[in-house]
Number of protein chains: 2
Amino acid sequence: MTQLLLIDDDKELSAMLAEYLRSEGFEVDAVFDGLSALEKVKVQQYDALVLDVMMPGLDGFGVLRHLRGYSAVPVLMLTAKGDEVDRIVGLEMGADDYLSKPFNPRELLARVRAVLRRSQQSTELVADNSPLVVGKLKMDMSSRTAMAANRVMELTSTEFNVLYFLLRQVGHIVTKEMLSQSAMGRSLEKYDRSIDMHMSNLRKKLSQYGLPLRIVTVRGQGYQLVDKA
Amino acid sequence: MTQLLLIDDDKELSAMLAEYLRSEGFEVDAVFDGLSALEKVKVQQYDALVLDVMMPGLDGFGVLRHLRGYSAVPVLMLTAKGDEVDRIVGLEMGADDYLSKPFNPRELLARVRAVLRRSQQSTELVADNSPLVVGKLKMDMSSRTAMAANRVMELTSTEFNVLYFLLRQVGHIVTKEMLSQSAMGRSLEKYDRSIDMHMSNLRKKLSQYGLPLRIVTVRGQGYQLVDKA
DNA sequence: CGACCTCTTTACACACCTTTACAAAGCTTT
DNA sequence: AAAGCTTTGTAAAGGTGTGTAAAGAGGTCG
């Protein structure tokens with residue numbers, strides 16, 4: 001069953017949308033403010049979020065910014081202003097799609113489905129552990145080996161995890177928190193510089209093996225693997 | 001030419017609205033009952049419908065329900081004053097927007113345009129990070145690089161974010177609040193001058209790389225990127 | 001045990017971002 | 001037109017985040 005979380009302070013609209021989405025076969029939870037949403041997401045795994053921008057207290061952008069520090073769950077944003085700029089701000093902050101209020105519920109349904117379809121495609125890649133290839137770099141999770149143009153890369157275990165995670169998100173920013181979780185299985189603590197050191201070492205190895213890949217620092221946000229070719 | 005169909009049993013109001021919308025550049029047909037409306041849409045393709053709920057015979061809901069069996073044409077509904085239930089029923093049945101009577105014709109115009117814009121937008125691909133090109137400047141989010149006529153621009157992370165946001169809105173004013181949200185991920189606080197400093201630095205770099213782009217200040221409102229070419 | 005490997009922490013330099021401070025420009029009030 | 005207030009431009013100071021060498025802390029293996 002596909003689980004959705006609806007976050008909108010307009011309770012009447014929420015109820016209506018929830019009912020409509022349930023009638024289409026989704027399991028729907030609804031909360032009416034940003035903080036409740038963050039709490040909900042902590043204890044329950046959702047397939048997608050429908051998030052209103054305009055809310056008292058923590059608004060939609062705030063929720064999204066917080067969320068993107070540790071989660072890649074698909075988010076569809078709703079905004080009252082039919083304003084293109086809000087849409088772009090949202091998308092740049094990591095929303096997956098956008099719908100301006102008022103909207104046709106059927107369009108919401110179509111977009112929720114589209115967002116789910118897209119995320120499904122990328123999680124299929126995740127679930128399957130067939131080799132991941134970008135340019136001259138090939139990484140195989142099942143044998144935990146990395147090949148740089150047919151040459152085996154000598155990577156430590158953590159380096160492998162870090163590079164693998166970066167490679168899966170090539171072209172996108174990943175936060176240190178995400179890297180810490182996925183490569184070392186723990187939360188990032190204050191003054192923890194491990195990730196930085198692994199990055200430093202990985203950069204050396206990338207150039208040492210002549211790979212046209214760069215690890216770009218995005219100050220205050222994280223790192224991004226870039227394919228120069 | 002954009003084609004509209006007006007459906008309202010009030011002939012005097014219809015005539016007035018039709019004339020007003022024509023003066024704004026639309027092609028407008030008007031009918032005065034639900035059945036005529038359904039016949040009209042069978043033989044003619046409209047870009048949007050303006051549909052009154054309260055009509056003798058087949059009312060607006062009836063028209064909409066029938067219509068949605070075979071058409072996705074954008075529909076703007078006119079409802080009785082402050083009738084919340086009508087609004088919800090209408091949206092649930094697939095209306096794209098609603099307006100309560102009596103209304104300002106200019107608001108009708110704005111909403112018709114909004115509905116048209118949305119219906120056009122909804123087919124566009126969303127969350128797109130393909131390179132953005134304006135004149136000699138090309139910015140690519142997936143590699144976080146900016147090229148000034150084939151020369152890589154040396155930009156800091158935040159400068160990149162700011163310029164990217166300005167570029168997406170080239171020719172339009174963007175507020176400092178929006179810039180702060182999209183480039184730094186936080187709200188603009190009072191006495192916060194960071195954006196101003198980034199603008200100052202970006203202006204230096206734009207001229208340093210010989211780009212024919214100016215960052216224009218719009219006092220009290222924000223900034224605007226202008227292509228001089 | 002010591003030699004080796006890996007990961008983490010420390011330490012310092014540097015780059016980047018924000019704040020401060022003041023000058024200048026623009027708008028409003030008198 | 002002058003005075004007063006607000007907003008903006010920008011140099012410089014201050015604070016924070018990042019790069020990386022080196023030392024420390026565990027672990028494994030002979």
Side-chain angles (χ1 to χ4, degrees), chain A residues 65 68-69 92 144-146 152-166 173-208 213-226, chain B residues 144-146 152-166 173-208 213-226:
Chain A
R65 177 164 58 252
R68 283 290 178 253
E92 261 169 58
R144 291 189 68 82
T145 52
V152 175
M153 286 183 80
E154 307 254 336
L155 298 176
T156 69
S157 179
T158 305
E159 283 165 9
F160 181 89
N161 291 341
V162 169
L163 186 55
Y164 189 79
F165 193 78
L166 283 171
I173 299 172
V174 297
T175 64
K176 291 189 184 186
E177 174 64 31
M178 289 174 183
L179 286 164
S180 185
Q181 285 291 353
S182 80
M184 283 118 63
R186 59 175 152 87
S187 227
L188 188 73
E189 302 298 325
K190 220 177 175 186
Y191 308 123
D192 187 341
R193 307 298 310 282
S194 292
I195 291 290
D196 304 67
M197 282 313 301
H198 290 303
M199 288 300 158
S200 177
N201 296 328
L202 268 175
R203 280 172 169 147
K204 279 184 206 157
K205 293 196 180 178
L206 285 176
S207 75
Q208 178 189 317
L213 292 166
R214 254 183 325 148
I215 295 172
V216 174
T217 305
V218 185
R219 189 189 157 96
Q221 293 186 252
Y223 296 94
Q224 176 174 338
L225 187 67
V226 168
Chain B
R144 290 190 70 84
T145 52
V152 175
M153 286 183 80
E154 307 252 334
L155 298 176
T156 68
S157 282
T158 305
E159 283 165 9
F160 181 89
N161 291 342
V162 169
L163 186 55
Y164 188 81
F165 192 78
L166 283 171
I173 299 172
V174 298
T175 65
K176 292 188 185 185
E177 172 64 30
M178 290 167 185
L179 285 163
S180 185
Q181 283 291 353
S182 82
M184 282 118 62
R186 60 178 151 86
S187 233
L188 189 73
E189 303 298 325
K190 221 176 173 186
Y191 308 122
D192 187 340
R193 307 299 310 282
S194 292
I195 291 290
D196 305 67
M197 282 312 302
H198 290 303
M199 288 301 160
S200 177
N201 296 328
L202 267 175
R203 280 171 169 148
K204 280 184 206 157
K205 293 197 180 177
L206 285 177
S207 75
Q208 178 189 318
L213 291 166
R214 256 183 323 149
I215 295 173
V216 174
T217 304
V218 185
R219 189 188 160 91
Q221 295 193 62
Y223 295 94
Q224 178 175 353
L225 187 67
V226 171

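Note on naming: letters A, B, ... go to the chains in the order of the sequence lines (proteins, then strands), and numbering restarts at 1 for each one. FYI, side chains are in, hydrogens and waters are out, and symmetry mates aren't considered; it's all heavy atoms of this structure.
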Encode nucleotides 20-30 of chain D as B, S and - characters from 5' to 3', where the letter depends on protein heavy atoms closer than 4.0 Å: B to the base, S only to sugar-phosphate, - to neither.
BBB--------

State, with a plain yes or no, whether a side-chain heavy atom of [X] is found less than 4.5 Å away from one of [Y].
{"X": "A:Met197", "Y": "A:Thr158", "value": "no"}
{"X": "A:Asn161", "Y": "A:His198", "value": "no"}
{"X": "B:Phe160", "Y": "A:Val218", "value": "no"}
{"X": "B:Leu225", "Y": "B:Arg214", "value": "no"}
{"X": "B:Val226", "Y": "B:Leu213", "value": "no"}
{"X": "A:Arg65", "Y": "B:Gln181", "value": "yes"}
{"X": "A:Thr175", "Y": "A:Tyr223", "value": "no"}
{"X": "B:Leu188", "Y": "B:Leu179", "value": "no"}

Specify the separation, in whole Å, of atom [atom1] of [X] and atom [atom2] of [N].
{"X": "B:His198", "N": "D:dT8", "atom1": "NE2", "atom2": "C1'", "value": "16 Å"}
{"X": "A:Leu188", "N": "D:dT18", "atom1": "CG", "atom2": "C1'", "value": "13 Å"}
{"X": "B:Ile215", "N": "D:dT8", "atom1": "CD1", "atom2": "P", "value": "14 Å"}

Working note: B:Leu206 + B:Arg203, criterion side-chain contact (heavy atoms from CB on, under 4.5 Å); need CA distance, chi angles, decisive distance, verdict.
CA-CA 5 Å; B:Leu206 285 177; B:Arg203 280 171 169 148; 5.5 Å; no

Measuring to OP1 and OP2 of D:dT18, would you say a side-chain N or O of A:Lys176 lies under 4.0 angstrom away?
yes

Identify, with sequence neighbours excluded, every residue that meets salt bridge (Lys or Arg N to Asp or Glu O under 4.0 Å) alongside A:Arg193.
A:Asp196

Which residues share a salt bridge (Lys or Arg N to Asp or Glu O under 4.0 Å) with B:Arg144, sequence neighbours left out
none

Is there a residue in residues 217-226 of chain A whose heavy atoms reach under 4.0 Å of DNA chain D, and which residues are they?
A:Thr217, A:Arg219, A:Gly220, A:Tyr223

State, without any angle test, whether A:Glu177 and A:Ser187 hold a side-chain donor-acceptor pair at a distance under 3.5 Å.
yes

Contacted region of DNA chain C by chain A, from 5' end to 3' end of the hits, cut-off under 4.0 Å to heavy atoms, spans C:dT6 to C:dC17

Just call it for A:Lys190: base, sugar-phosphate, or nothing, with non-hydrogen atoms closer than 4.0 Å on any strand.
nothing

Per the under-4.0 Å heavy-atom filter, residues of residues 152-163 of chain A near DNA chain C come out as A:Thr156, A:Ser157, A:Thr158

Is the side chain of A:Glu159 donor-acceptor paired with the backbone N or O of A:Thr156 at a distance under 3.5 Å, no angle test?
yes

